[in-house]
Structure formats: C-alpha cells, structure tokens
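It should be emphasised that the depicted structure is a prediction, and the values quoted were computed from it without experimental measurement. Computation of the quantities below employed the complete heavy-atom set of this structure, encompassing side-chain atoms and omitting hydrogens, waters and symmetry-equivalent molecules.
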Amino acid sequence: QVQVVESGGGLVQAGGSLKLVCTVSGITFRNFPMGWFRQTPGKEREGVSCINSGGSTTYYADSVKGRFTISRDNAENTLYLNMGSLKPDDTAMYYCAAVYKWTPPTLFTYEYDYWGQGTQVTVAS
C-alpha cells in the first residue's frame, strides 16, 4: 500500500519559518516527481511547488517563489518544503503528493496519483 505522510506544520508568526516533511512508502520514491499543495476552507487546492524525480528541476507558484524551497532526499524517501518569510495568506492545510508523469510545471491536482492527509500551517499576524 502506498503511504504518504506529512509532518512539520504548526503555528508561526508572520515572517517566521517552517520546514514541512513528507515521508513516502509503497512506491519507488526516486522514480516519482513530487509536489506540495495547499488548501484553505472554501477554496480550491492549489499547487505550491513541484520537483522532478532526481531533484534537479523545481517549479514554484508565483505566490511563494523566492520564499519557499522544495527539496528531496531519495535515499530517505523524503520530500521537504522549507518555508520562509511566512505570511498570513500562507495559512492552509499543506499536502504532499506523488505523480507518475513529469509534465512541468506539474502543479495541477488532477495530475497527481498519491496524496497524503495534510499538515496544518497557521501563520499569525
């Protein structure tokens, strides 16, 4: 069974930083492009960032570019999202997802095949 588990969310003040972690099992992680998404109640889930299977290519939504960094450690089956200069608008449930096909920028929810349950990030002003 494929398992995708996010962690690292929490409450931070505006301007602060958080590091999200996604651990994946049940698939050959190193073969899968990965993405981070976020969703606020009442809004559609939006793509935040994605990374190819080897970790050499990344894409970011305009809203987070320059503030967030996606990375992966294929030896540990782990995906990361370093978030800095956080804003209240970054408050959301953050989801990790795996996709079979790399069609950059792979930031649409329909493209992804496996999803985690999410980790909550709350940014206070």
Using only atom types and a distance under 3.5 Å, with no angle test, would you say the side chain of N74 pairs donor to acceptor with the backbone of S53? yes
For T28, side-chain hydrogen bond (donor to acceptor under 3.5 Å, both in side chains) partners two or more places apart: none
Counterpart residues, side chain to side chain contact (heavy atoms under 4.5 Å, CB included), relative to S25 (two or more places apart): Q3
Do the side chain of E6 and the main chain of T119 share a donor and acceptor less than 3.5 angstrom apart? no
Is L86 close to L18 at the side-chain level, that is, under 4.5 Å between some pair of heavy atoms? yes
Is there a side-chain contact between F68 and L81 in this structure, where contact means two heavy atoms from C-beta onward sitting under 4.5 Å apart? yes
So, the side chain of S85 versus the backbone of G15: is there a donor-acceptor pair under 3.5 Å, distance only? no
The reported gap from OG in S71 to CG in L79 (rounded to nearest 0.5 angstrom) is 7.0 Å
For T58 against I70, the heavy-atom pair lying closest together: CG2-CG2, 3.5 Å
The side chain to side chain contact (heavy atoms under 4.5 Å, CB included) partners of T122 (sequence neighbours excluded) come to L11, T91, Q120
Can you get from M93 to F37 by hopping between Ile, Leu, Val, Met, Phe, Trp and Tyr side chains that sit under 4.5 Å apart? yes
Can you tell me how far CD of Q13 sits from OG of S125, rounded to the nearest 0.5 angstrom? 8.5 Å
For N77, which residues count as a side-chain hydrogen bond (donor to acceptor under 3.5 Å, both in side chains) partner, sequence neighbours excluded? none
Apply disulfide (SG to SG under 2.5 Å) to C50 and list each qualifying residue two or more places apart in sequence or on a separate chain. none
Indicate yes or no: at least one non-hydrogen side-chain atom of M34 is less than 4.5 angstrom from one of F29. yes
Pairs meeting criterion salt bridge (Lys or Arg N to Asp or Glu O under 4.0 Å) with involvement of residues 62-85, two or more places apart: R67-D90
For the pair T78 and V24, evaluate side-chain contact (heavy atoms from CB on, under 4.5 Å) and give the outcome as yes or no after the intermediate values. CA-CA 6 Å; T78 303; V24 181; over 6 Å; no
Applying side-chain hydrogen bond (donor to acceptor under 3.5 Å, both in side chains), can you list everything that pairs with N52, at least two apart in sequence or on another chain? S56
Answer yes or no: does atom OH of Y59 have more than 12 heavy-atom neighbours from other residues, nucleotides or ligands under 6.0 Å? yes
Going by side chain to side chain contact (heavy atoms under 4.5 Å, CB included), name the residues that satisfy it together with N82, two or more places apart in sequence or in a different chain. K19, T69
Under the rule for ring-ring contact (aromatic ring centres under 6.0 Å, His included), what residues qualify as partners of Y95, not counting sequence neighbours? none
Filter on disulfide bond (SG atoms under 2.5 Å apart), then keep only pairs touching residues 86-125, sequence neighbours left out; what's left? C22-C96
M83 with W36, same ILVMFWY side-chain cluster at under 4.5 Å: yes
Scan residues 96-107 for pairs that pass side chain to side chain donor-acceptor pair (under 3.5 Å), counting only residues two or more places apart or in two chains. Y100-Y114, T103-E111
Partners meeting side-chain hydrogen bond (donor to acceptor under 3.5 Å, both in side chains) with Y94 (sequence neighbours left out): R38
Validation row: I27, F32 side chains within 4.5 angstrom (heavy atoms): yes
Hydrophobic clustering (ILVMFWY, side-chain heavy atoms < 4.5 Å, transitive) - are L107 and I51 grouped together? no
Taking a hydrophobic cluster as the set of Ile, Leu, Val, Met, Phe, Trp and Tyr residues connected by side-chain heavy atoms closer than 4.5 Å, whether directly or through intermediates, do Y60 and L20 fall within one such cluster? yes
Here the pair of heavy atoms bringing A61 nearest to G47 is CB-O, 3.5 Å
